[in-house]
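So you know, we letter chains A, B, ... as the sequences are listed, proteins then strands, and number each from 1. On a predicted model such as this, the values are computed, not experimentally measured, just so you know.
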Number of protein chains: 2
Amino acid sequence: MSTTAHRPQRADARRNREKVLAAAAAAFAESGLEAQVEDIARRASVGVGTVYRHFPTKEALVEALAAEHFNKLAGIAEGALQERGDPWEVFAAAIWRSANAAATDVAWCEIMGGQPTAAQAASSGQMRLAAAMTTLIERAQAAGVMREDATVDDIRTIMCGFGHVAAAQRAGSPMQWQRYLEIALDGLRTR
Amino acid sequence: MSTTAHRPQRADARRNREKVLAAAAAAFAESGLEAQVEDIARRASVGVGTVYRHFPTKEALVEALAAEHFNKLAGIAEGALQERGDPWEVFAAAIWRSANAAATDVAWCEIMGGQPTAAQAASSGQMRLAAAMTTLIERAQAAGVMREDATVDDIRTIMCGFGHVAAAQRAGSPMQWQRYLEIALDGLRTR
DNA sequence: CCCCAACCGGAACCAGCCTTCATGTTAACG
DNA sequence: CGTTAACATGAAGGCTGGTTCCGGTTGGGG
């Protein structure tokens, strides 16, 4: 009565799960969150039913990818914690790295741009990201290179704006989000 | 064969058109662009068919309101052109006035945040807004109080981000868009 | 090799929402 | 007041896109 996992998971099932995840990542990256489940299934060479076997809902799929994204962002921020040098440069470089990672992925931008779901807010990636960012900010402020009143929420807000700008202008002027970041970062710096 | 307007428009028709427009403005302001046509009709005490008699499509209704909004923004910017005083203060005040006008109107924020449709881009409001903004920017730059490389497109981008931030966070922290603007404006200023 | 639970496929289903249309009503001109 | 074209109504239509479900398939333990 304890071995619920006598037949844990079939090999092909696991394989399909990965295919779906990869296909979803590609579809969302290209078309944003409005990519259709059927398109994802097609890319994975799988029926829609299979997608739903592995993820109860389209949103669950999004959530899974969002978690991945936030983990990557957390990784970038935590990496920056290790770096030596001018705290401002360290902070700014982390932001630029994050932006560059997200900019080519429409869904990633949209996730950053939208307000986080309950699931996201509680995800470990978000927590780690917020923690690392807080330290980066404090260090920069201690060195007197970042405005004293800046908070993690401000960064979140700026990155939210970034996400929208990058997602919205993927058709128009492609590099406008870089200008956006230049200006916003300048606004965070001490003068 | 010239008088196509023998019976130009019935009085009640004109009245209904206004009711629809007002109802749409209210519905969009409250629920954003995803407000439903049926809701608009209900608010106007009118059938959906009547809405479609006056506006061929929901999008046309949005377009009409968008034009109104851009005219208001143009008015604000042109008003600023008349003002005396530090060009930075004049510019910044115009931005704040615009933001405050839009912030309580979800659809307005979404319109600012989305990329402009062809119709919008060609609207007289947009043109006037861009023209006035350009002058405000040039004056500030001439006075040495705004970064030299700033352009109208940068302002557009920043206001696009603003729209999204304000619309996205209407549920969460309500005043975060103000922080956003503070920082972005600081980034535009000369240090 | 057999068998069964796990798994797959994709047509059918369903809900939300914009739009149309056939029918009934009304302003306004003569 | 009669006539008519303009107008209003809201149920029905149709499209889009997520989700379900059942008949068929298959991995893998015995």
Could you tell me how far apart [X] ([atom1]) and [N] ([atom2]) are, to the nearest whole angstrom?
X: Arg53(B); N: dA6(D); atom1: CZ; atom2: P; value: 9 Å
X: Gln9(B); N: dA8(D); atom1: CD; atom2: P; value: 9 Å
X: Ile40(A); N: dG9(C); atom1: CD1; atom2: P; value: 15 Å
X: Phe55(B); N: dC7(D); atom1: CZ; atom2: P; value: 14 Å

> Going 5' to 3' along nucleotides 11-23 of chain C, which nucleotides have protein heavy atoms under 4.0 Å from the base (write B), which only from the sugar-phosphate (write S), and which from neither (write -)?
Replying inline: B-----SSBB---

>> Under the criterion side chain to side chain contact (heavy atoms under 4.5 Å, CB included), I'd like the reasoning laid out for Ile158(A) against Leu188(A): C-alpha separation, chi angles, the key distance, then a yes or no.
In response: CA-CA 10 Å; Ile158(A) 286 171; Leu188(A) 282 173; 3.8 Å; yes

>> So, using side-chain hydrogen bond (donor to acceptor under 3.5 Å, both in side chains) as the criterion, who are the partners of Asn71(B) when residues are at least two apart?
In response: Arg128(B)

> Which nucleotide sits closest to the side chain of Asp12(A): dA8(D), dC8(C), dT9(D)?
Replying inline: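 Looking only at heavy atoms from C-beta outward on Asp12(A), the closest nucleotide is dC8(C).
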
>> Of the listed nucleotides (dG27(D), dC7(C), dC7(D)), which one gets closest to any side-chain atom of Ala13(A)?
In response: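 Of the candidates, dC7(C) comes closest.
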
> Under 4.5 Å between any side-chain heavy atoms of Ile76(B) and Lys72(B), yes or no?
Replying inline: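 The answer is no; the side chains never approach within 4.5 Å.
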
> Is Arg139(B) close to Leu81(B) at the side-chain level, that is, under 4.5 Å between some pair of heavy atoms?
Replying inline: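 Yes, their side chains come closer than 4.5 Å.
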
Would you say [X] reaches [N]'s phosphate, i.e. side-chain N/O to OP1/OP2 under 4.0 Å?
X: Asn16(A); N: dC7(C); result: no
X: Arg10(B); N: dA6(D); result: no
X: His54(A); N: dC7(C); result: no

> How are the rings of Trp96(B) and Trp177(B) set to each other: parallel, tilted or perpendicular (split at 30° and 60°)?
Replying inline: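 Aromatic pair Trp96(B)/Trp177(B) classed tilted.
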
> So Trp108(B) and His69(B), would you call those rings parallel, tilted or perpendicular, with 30° and 60° as cut-offs?
Replying inline: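 Trp108(B) and His69(B): parallel rings.
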
